[in-house]
Number of protein chains: 2
Amino acid sequence: MRERNGSKEERQEQILEYILQYGSISLQEVVQHFECSEATARRDLEALEKAGRVIRTMGGGAKPAGLVSGREIPFHEKQNKLYREKESIAQLAASLVEEGDVIGLTGGTTTYLIARALKNRRNITVVTNAVNIAMELSENEDVQVVLTGGMLRSKNFELCGPLAERTLEALNIHTMFMGIDGFSVEQGVSTYSELEANTAKMMMKRTERTIAVFDHTKAGRNSLFQVAPVTALYGIIIDEEPGEELRERLASEQVKVFVTAK
Amino acid sequence: MRERNGSKEERQEQILEYILQYGSISLQEVVQHFECSEATARRDLEALEKAGRVIRTMGGGAKPAGLVSGREIPFHEKQNKLYREKESIAQLAASLVEEGDVIGLTGGTTTYLIARALKNRRNITVVTNAVNIAMELSENEDVQVVLTGGMLRSKNFELCGPLAERTLEALNIHTMFMGIDGFSVEQGVSTYSELEANTAKMMMKRTERTIAVFDHTKAGRNSLFQVAPVTALYGIIIDEEPGEELRERLASEQVKVFVTAK
DNA sequence: ATATTTATGATTGAATATTTCATAATGATG
DNA sequence: CATCATTATGAAATATTCAATCATAAATAT
């Protein structure tokens, strides 16, 4: 190949660098900067777009949304699978919230949608350990947003660890909506991550009423780390009627079951 | 005018809504959705682009970077005024950081640049109350990022209030870089906001060495809320040699003065 | 030494954008 | 109420940018 000024990879890295600094780049800037043809410039931008690191504009490229220094922030959108189900769960959850409430939200897709459903409320307080949820809600001045402290987990922008737990000690939450990865009669609610499980546990301790929110694919499944037995729950919100056994057990434990309308 | 389905404003709001949900929209989608001509669709996207709420792509529009639900996150770029000065301050600050250090960073443009300068370091811990700084650094797994808790101030994404202060009580910071709005011999360091001043004060209490960072436009100026007298500082980093009087006073107080190379 | 792969540049037709003008609806003015 | 200016819109012409294809040269493999 006839490389003039460095390899394709270097060029693309530099384009990225440029975009990160200036926000965008024009095709002509690429051409002049690297003394390459338009075809090459376009191909570079195309490759970067495919990698999700650049959004192509008319005559150039720009920084894509939802990326902070090249990483994606989980601001979930409708593309997500089970969006409709999760959205209906979120709507139901939001309907349980009243003015003046102090709400707790763990991290997760469903809880993020609950946050969005609460976005235009007045006079509520939301406590969360998820940075993306906090940012979404902070737009509204009428919603007081409290972020727990803690170590920032880069993968999902959740705050965890002893510091998060220490912060929670100072708070009293009325109703908490807990996103989980697994739910069963025997094991109760569980998550994939130990850190998240611990933070959720701590959050529960500071909460009057804990409501687990999850879609039907999580029901009857167990994840690695148990957060709490079903008896510790005030209620669950789910998008499908639970099975006979589960329903009976929940009834006997006085756990409320909210099922979304189809 | 011949309005078919609602006004221009409504249409543009709906386009925005759509983009917020799906991430992007095509010209044809706009045309079909609103039953308008391509010209109108383009004009709408053009107007939204001008307002900074949409980034125009080839054949459509998309969510611009740095916007969360329509608001800008302060991820500062080279356009900022005094960028060169602040960058040089940041570089100097970063050069004072060694492996294993526990660093504190308040919110602000300069401290954000320090964070960026520290981004590729290994084995350091950064404590901050600024969400954007935390997010920037969390990309690197080798930097441990600790976010203080607290109320999220929507304007600048800083965490403040009693909870932030409570979190800090559990931490011991080695060197803290403090961004400020004013610096003078008499008043010491000061900021515009009382909340920020309080949080900074608390952070200082938990810090061995506090270094104030600011550009020359801040020197000799006082802001409303005092954070600390000069005697409480370990040092300052500034981009211009301070005046005679200031220099003498700082020398007598054993406050180190770091001036960036031109 | 030859073949293969890869990166690049050039060309051309297609898609998209910009500009300009015409028209219809709305509101203001006398 | 007639007239005029303003605004929103659509249509058409022009200009720009893009995508696809092919050719070529360098690097790599056989």
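Excluded from the calculations below are hydrogen atoms, water molecules and symmetry mates; all remaining heavy atoms, backbone and side chain alike, are included. To find a chain, count down the sequence lines: A is the first, B the second, and so on, and within it residues start at 1.
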query = Is any NZ, NE, NH1 or NH2 atom of the basic residue among A/Arg116 and A/Glu136 found under 4.0 Å from an Asp or Glu carboxylate oxygen of the other?
reply = no
query = Would you say the side-chain atoms of A/Gln91 and A/Glu87 include a donor-acceptor pair closer than 3.5 Å?
reply = yes
request  = Determine: side-chain N/O of A/Thr40 to OP1/OP2 of C/dG9, distance under 4.0 Å, yes or no.
outcome  = yes
Checking contacts here: which listed nucleotide ([options]) is nearest the side-chain heavy atoms of [X]?
X: A/Arg11; options: D/dA8, C/dT8, D/dA11; result: C/dT8
X: A/Glu9; options: D/dA8, D/dG10, C/dA7; result: C/dA7
X: A/Lys8; options: D/dT9, C/dG9, C/dT8; result: C/dT8
X: A/Arg43; options: C/dA7, D/dG10, C/dG9; result: C/dG9

Check: residues 120-127 of chain A side-chain donor-acceptor pairs under 3.5 Å, at least two apart:
unit_1: A/Arg121; atom_1: NH1; unit_2: A/Val97; atom_2: O; d: 2.9
unit_1: A/Arg121; atom_1: NH2; unit_2: A/Ala94; atom_2: O; d: 2.7

message = Which residues pass the salt bridge (charged side-chain N to carboxylate O under 4.0 Å, His left out) test with B/Glu158, not counting sequence neighbours?
response = none
Between atom [atom1] in [X] and atom [atom2] in [N], what is the gap in whole Å?
X: B/Glu38; N: C/dT16; atom1: CD; atom2: C1'; value: 8 Å
X: B/Glu35; N: D/dA8; atom1: CD; atom2: C1'; value: 17 Å
X: B/Phe34; N: D/dA8; atom1: CZ; atom2: C1'; value: 16 Å
X: A/Lys50; N: D/dA19; atom1: NZ; atom2: P; value: 11 Å
X: A/Leu45; N: C/dA7; atom1: CG; atom2: C1'; value: 16 Å

Below 3.5 Å between N/O atoms, which protein atoms pair up with nucleotides 13-17 of chain D? Just atom names and distances, please.
unit_1: D/dT17; atom_1: O3'; unit_2: A/Gly59; atom_2: N; d: 3.2

ask   = Can you list the residues that meet the side chain to side chain contact (heavy atoms under 4.5 Å, CB included) rule with B/Glu38, with sequence neighbours excluded?
value = B/Leu27, B/Gln28, B/Val31, B/Arg42
task = For A/Thr40, check side-chain hydrogen bond (donor to acceptor under 3.5 Å, both in side chains) against everything at least two apart and list the hits.
result = A/Ser37
ask   = What nucleic acid atoms does B/Arg56 come within less than 4.0 Å of, heavy atoms only: base, sugar-phosphate, or nothing?
value = sugar-phosphate
inquiry  = On DNA chain D, does the nearest nucleotide to B/Ser37 precede the nearest nucleotide to A/Glu46 from the 5' side, or the other way round? Give the residue.
reply    = B/Ser37
inquiry  = I'd like to check the ring pair (Phe, Tyr, Trp, His ring centres under 6.0 Å) partners of A/Tyr18; sequence neighbours left out, ordered by chain and number.
reply    = A/Tyr22
